[in-house]
Amino acid sequence: MTTLIAGIETDRLRHFATREAIRFAASRPNTQAALAAGDGAFLAGVPMHWMRDWPMPFALLVESAKGARITDVDGYRLDDFCLGDTGSLFGHSPAPVAKAVAQQARRGLTYMLPSPDALEVGRLLTKRFGNFRWQIATTASDANRCAIRVARAVTGRPKILVFNGCYHGTVEDVMVALADGQTVTRAGMVGQVANPAAHAVAVEFNDIAALQAALAAGDVAAVLAEPVMTNCAMVLPDPGYWLAVRAACDAAGTLLIIDETHTVSSGLGGWARGNGLQADIFVIGKSIAGGVACAAWGLAPEVARRFVAYDLTRTPGHSGMGTTLSGNPLQFAALRANLGAVMTRKAYAHMEKLAARLEAGLAAAITGVSAPWHVVRVGARVEFICAPGPLRNGSQALAAQCPPVERALHLGLVNRGCLIAPFHNMMLISPMTKKRQVDRLIGAFVEVLAELFD
């Protein structure tokens, strides 16, 4: 009997994956030689362990990146639709950012004091994302940790509610999941001692009744959420869902933290601003400084007032918030350039137009082979999902994941000159992405599907 996985015969999938792995390895002798020469210095041979999670037989070494294309050390030029998993959403080294960084490098990189650029950045953050009182962090993980502390401080409540399947960086407080209807610590955490489930609660996305029930206990300081779930397999909110969430939070005295680190792809100002959702605390990271490590978190004016009042009552000293290099002048130079000259309405119009073209092309390819898959898009972010859709929550997203198919398909696309995100089937369009690059990706996707399906 023929065994199928995501509609593909397992033998066919295995043969395709083996052939593509051999093809990749044979084509990159310089990469293999360089990795062999450097192996031993880094744990697992790479600077960050997750760099081994790409679907290639060994890590790809990048020589350079410009616009929406990277070049590896073997001279292959890849159309880049991963874009640093949103870190380079606006392209690699946008000219205004590169110029600002070079100029600031001559004036100093860090001195633990604000620069004139900082004042303009505050104005630009408000212009882009709304009326918040801002602080700068280095990563979205840091920004989310600060947001959680503030929420607990001003409400006097211990718990944070998140959605099953969510990801908000390496924030231990919310590394929880649902198992048989109970909130539990996520499996796989390294060296974890404390039990996050003691101070966090997980519910399914799009289940307003479950959220209301969890808030009714009166011990939830904040709901921490992406307006669209992105890091598991993209899940869109039901119509009216966020209006109901906002109302439930208000009724329970619970704050709403909106993390737009990934959903900044939605459009200028992010999903919340574009859809009239008011956050109490706003978090944004990765892309806002054009590729320079940076994040920001902002408090709505009333929450800021409450936090200032709380701050006056606490014992002076370590707050558990902030790192020495956060808010450095290099970040502010890059922020000012990116927010002011790169992250524009015109840029988003280009991004969304090409993303719509990509969405349509991928959907047509899937229909053409009668695959039981679907495509979903939020602004400049597109994903194909190897299961029927649409998905409504994290449990469905987890069930839809199909690692053997996804890894084989990703590698097949790399061998055809197209790089997409390694952890899920995500593709981003930058202001520097060209129509011909989108069409090449569609063509490569069609070619790979033809190999995998009859």
Side-chain angles (χ1 to χ4, degrees), residues 28 31 51 54 56 59-105 128 261-262 264-268 285-294 330-331 333-359 361-362 377-383 410 413-422 425-445:
R28 285 174 168 81
T31 300
M51 292 178 177
W54 286 81
M56 290 81 83
L60 192 71
L61 290 182
V62 177
E63 176 69 29
S64 63
K66 184 65 178 174
R69 181 169 287 166
I70 66 173
T71 302
D72 70 18
V73 298
D74 285 279
Y76 288 98
R77 303 176 72 193
L78 301 173
D79 293 327
D80 186 8
F81 294 92
C82 175
L83 295 173
D85 197 23
T86 308
S88 294
L89 174 62
F90 301 102
H92 296 289
S93 299
V97 175
K99 180 180 178 181
V101 166
Q103 290 175 341
Q104 184 60 49
R128 285 286 174 259
T261 298
H262 286 277
V264 69
S265 67
S266 301
L268 191 64
K286 287 198 179 183
S287 64
I288 56 169
V292 172
C294 190
L330 183 68
Q331 289 176 320
L335 278 167
R336 182 174 185 173
N338 198 62
L339 291 169
V342 179
M343 188 186 291
T344 64
R345 196 170 301 280
K346 180 180 179 182
Y348 272 103
H350 172 85
M351 294 156 69
E352 292 183 27
K353 180 180 179 180
L354 288 188
R357 183 180 184 88
L358 177 59
E359 176 189 26
L362 297 180
R377 178 172 75 89
V378 173
R381 182 187 182 101
V382 182
E383 292 184 13
H410 290 205
L413 292 177
V414 167
N415 284 338
R416 289 157 180 81
C418 302
L419 186 72
I420 71 173
N425 308 317
M426 186 271 287
M427 295 145 284
L428 290 166
I429 303 296
S430 81
M432 303 182 191
T433 304
K434 307 298 183 185
K435 175 176 170 289
R436 62 179 177 272
Q437 292 179 291
V438 170
D439 289 344
R440 274 198 295 267
L441 175 55
I442 294 170
F445 189 73

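Using a 4.5 Å cut-off on side-chain heavy atoms (C-beta onward), Leu60 and Trp54 make no contact. At least one side-chain heavy atom of Ile420 sits less than 4.5 Å from a side-chain heavy atom of His410. Between Pro96 and Phe90 the shortest side-chain heavy-atom distance does not fall below 4.5 Å. A 4.5 Å side-chain heavy-atom check between His92 and Leu83 finds at least one atom pair inside the cut-off. In this structure the side chain of Asp85 reaches within 4.5 angstrom of the side chain of Met426, judged on heavy atoms. In this structure the side chain of Thr344 never reaches within 4.5 angstrom of the side chain of Leu268, judged on heavy atoms. Using a 4.5 Å heavy-atom threshold, the side chains of Arg357 and Asp439 count as touching. Between Thr86 and Leu428, some side-chain heavy-atom pair lies under the 4.5 Å cut-off.
Here the CD atom belonging to Glu359 is positioned 11.5 Å from the CD atom belonging to Glu352, to the nearest 0.5 angstrom. If you take NZ on Lys66 and OG on Ser88, they are separated by 11.0 Å, rounding to the nearest 0.5 Å. Ile70 contributes atom CD1, which lies 5.0 Å from atom CG of Leu78 (distance to the nearest 0.5 angstrom). Atoms CZ and CG, on Arg77 and Leu419 in that order, are 14.5 Å from each other to the nearest 0.5 Å. Atom NZ of Lys353 is separated from atom CD1 of Ile429 by 13.0 Å, given to the nearest 0.5 angstrom. Here the straight-line distance linking atom CE of Met432 with atom CE of Met351 works out to 10.5 Å at 0.5 Å rounding.
Residue Ile288 forms a side chain to side chain contact (heavy atoms under 4.5 Å, CB included) with just one option from Arg128, Met343, Gln331, and that option is Met343.
Annotation: Lys99, atom NZ; neighbour count of heavy atoms from other residues, nucleotides and ligands within 6.0 Å does not exceed 12.
Side-chain N or O atoms of Thr433 include one that pairs as donor or acceptor with a backbone N or O of Ser430 at under 3.5 Å. Panel note: side chain Asn338, backbone Val97; no donor-acceptor pair is recorded below 3.5 Å. Distance alone, capped at 3.5 Å, places no donor-acceptor pair between the Glu63 side chain and the Asp74 backbone. Between the side chain of Asp72 and the backbone N or O of Tyr76 there is at least one donor-acceptor pair closer than 3.5 Å.
Gly91 approaches Pro94 most closely through the heavy-atom pair O-CD, 3.4 Å. For the residue pair Gly379 and Ala355, the shortest heavy atom distance occurs at O-CB, 3.3 Å. Closest approach of Ser266 and Val378 over heavy atoms only: OG-CG1, 3.1 Å. Across all their heavy atoms, Ala334 and Ala289 have their closest contact at CB-O, 3.4 Å. Nearest heavy atom pair, residue Val62 against residue Val73, reads C-CG1, 4.5 Å. Considering every non-hydrogen atom in both Pro431 and Leu89, the closest pair reads CD-O, 3.7 Å.
Taking the side chain to side chain donor-acceptor pair (under 3.5 Å) definition, one finds that Asp79 meets it with Arg69, Gln437, Arg440, sequence neighbours left out.
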